[in-house]
Amino acid sequence: MLLRVVVVVFVFILTAHANTGEATFFTPGLGACGVENTTNDFIVAVSAEFFDSFPGATTNPNSNPICNPRLTAHSGNASVIVTVTDRCAGCEGQFDLDLSPVAFEQLADPSIGRLFNVEWSLDSAGFTQRRSTSANPVHVVSTRASTPGTAVEHRMLRRRREA
């Protein structure tokens with residue numbers, strides 16, 4: 001019981017903290033979490049360092065608690081919400097991300113290839129919900145615009161109210 005409380009508290013700290021790293025994109029397939037994805041799925045691979053050291057991680061990557069929660073990434077005025085389904089062995093920084101092509105396109109033109117100073121955080125609600133067994137989980141993407149009334153503004157206002 002004590003271990004579970006410690007893991008939950010540690011996960012809450014990780015999810016409440018904004019991380020900063022680089023973002024690239026890759027062609028998805030069968031990910032480390034055991035989910036098959038395509039280039040049209042809004043998914044992300046977190047760095048191997050982050051994946052492997054996540055609280056509760058075992059030798060079976062399919063049962064890693066980092067699998068299937070949602071993550072929100074921001075670059076400039078653009079943001080995207082993706083589901084963690086893979087481990088990025090090629091990511092050099094602890095907080096680097098490898099996005100699906102469709103997710104990367106929400107942040108920048110793919111011809112850029114690599115984004116720097118991408119801020120992201122895990123959605124803490126994803127840790128209390130059951131893991132998805134769907135090969136194509138539901139994803140929500142925010143708009144690039146930051147004009148009044150957009151999803152970006154609503155999310156920012158909600159964060160201010162919660163703080």
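The structure displayed is predicted, hence computed values, not measured ones.
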Chemist: Which atom pair, heavy atoms only, marks the closest approach of Thr39 to Thr27?
Modeler: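 Reported closest heavy-atom pair: CG2-CG2, 4.1 Å.
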Chemist: What do you reckon, is CD of Glu92 surrounded by more than 12 foreign heavy atoms closer than 6.0 Å?
Modeler: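 It does not: Glu92 CD has 12 such atoms or fewer within range.
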Chemist: With rounding to the nearest 0.5 angstrom, report the CD to OG distance, Glu119 to Ser79.
Modeler: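 Going from CD on Glu119 over to OG on Ser79, the span is 11.5 Å.
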Chemist: Give a yes or no on whether Phe26 and Leu30 share a hydrophobic cluster (residues Ile, Leu, Val, Met, Phe, Trp, Tyr; joining criterion: side-chain heavy atoms under 4.5 Å apart).
Modeler: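 The answer is no; the residues belong to distinct hydrophobic clusters.
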Chemist: For side chain to side chain contact (heavy atoms under 4.5 Å, CB included), just list the numbers for Asn68 and Val35, CA-CA rounded to whole Å, side-chain angles, deciding distance to a tenth of an Å, and then say yes or no.
Modeler: CA-CA 9 Å; Asn68 295 308; Val35 177; 4.2 Å; yes
Chemist: Checking Cys91 now: which residues fulfil side chain to side chain contact (heavy atoms under 4.5 Å, CB included) with it, not counting sequence neighbours?
Modeler: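 So Cys91 forms a side chain to side chain contact (heavy atoms under 4.5 Å, CB included) with Ser47, Cys88, Asp96, Asp98.
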Chemist: Locate the shortest heavy-atom distance separating Thr72 from Ile81; write the atom from each residue and the value.
Modeler: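 Thr72 and Ile81 have their closest heavy atoms at OG1-CG1, 3.5 Å.
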Chemist: Mind listing the closest non-hydrogen atom pair of Phe51 and Ala32 along with its distance?
Modeler: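 Where Phe51 meets Ala32 most closely, the heavy atoms are CZ-CB, 4.0 Å.
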Chemist: Can you find a heavy atom in the side chain of Leu107 that is under 4.5 Å from one in the side chain of Leu99?
Modeler: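 When only atoms from C-beta onward are counted, Leu99 and Leu107 do touch, with a gap below 4.5 Å.
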Chemist: Quick one: pull up CZ in Arg114 and CZ in Phe104 and give me the separation to the nearest 0.5 Å.
Modeler: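 Going from CZ on Arg114 over to CZ on Phe104, the span is 9.0 Å.
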Chemist: Ignoring hydrogens and geometry beyond distance, is a side-chain donor-acceptor pair present between Thr58 and Asn60 at under 3.5 Å?
Modeler: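 Thr58 vs Asn60: no donor-acceptor pair found between side chains.
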Chemist: Please, which pairs that meet salt bridge (Lys or Arg N to Asp or Glu O under 4.0 Å) have at least one residue in residues 78-87, sequence neighbours excluded?
Modeler: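 Passing the test, one end in residues 78-87: Asp52-Arg87.
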Chemist: Minimum heavy-atom separation for Leu115 to Ser75, with atom names?
Modeler: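 Closest approach of Leu115 to Ser75: CD1-OG, 4.0 Å.
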Chemist: Could you walk me through whether Asn40 and Thr38 pass the side chain to side chain donor-acceptor pair (under 3.5 Å) test, one step at a time?
Modeler: CA-CA 5 Å; Asn40 294 320; Thr38 71; 4.6 Å; no
Chemist: To the nearest 0.5 Å, how far apart are CG in Leu97 and CZ in Phe25?
Modeler: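 The CG atom of Leu97 sits 14.0 Å away from the CZ atom of Phe25.
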Chemist: Taking Asn64 for its side chain and Pro61 for its backbone only, find out whether a donor-acceptor pair lies under 3.5 Å.
Modeler: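 Not confirmed, Asn64 side chain does not pair with Pro61 backbone.
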Chemist: Please work out whether the ring planes of Phe50 and Trp120 are parallel, tilted or perpendicular, with thresholds of 30° and 60°.
Modeler: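 Because their plane-to-plane angle is over 60°, the rings of Phe50 and Trp120 count as perpendicular.
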Chemist: Could you check Phe42 against Val102 for side chain to side chain contact (heavy atoms under 4.5 Å, CB included), going step by step and ending with a plain yes or no?
Modeler: CA-CA 6 Å; Phe42 286 86; Val102 71; 3.6 Å; yes
Chemist: Say you draw a straight line from CG of Leu71 to CD1 of Ile66; how long is it, rounded to the nearest 0.5 Å?
Modeler: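 Nearest 0.5 Å value for the CG-CD1 distance: 7.5 Å.
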Chemist: Walk me through it: do Phe54 and Val84 pass the test side chain to side chain contact (heavy atoms under 4.5 Å, CB included)?
Modeler: CA-CA 13 Å; Phe54 198 79; Val84 179; over 6 Å; no
Chemist: Taking all non-hydrogen atoms of both residues into account, name the closest pair between Ile43 and Asn37 and its distance.
Modeler: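 Closest pair (atom of Ile43, atom of Asn37, distance): CG2-ND2, 3.5 Å.
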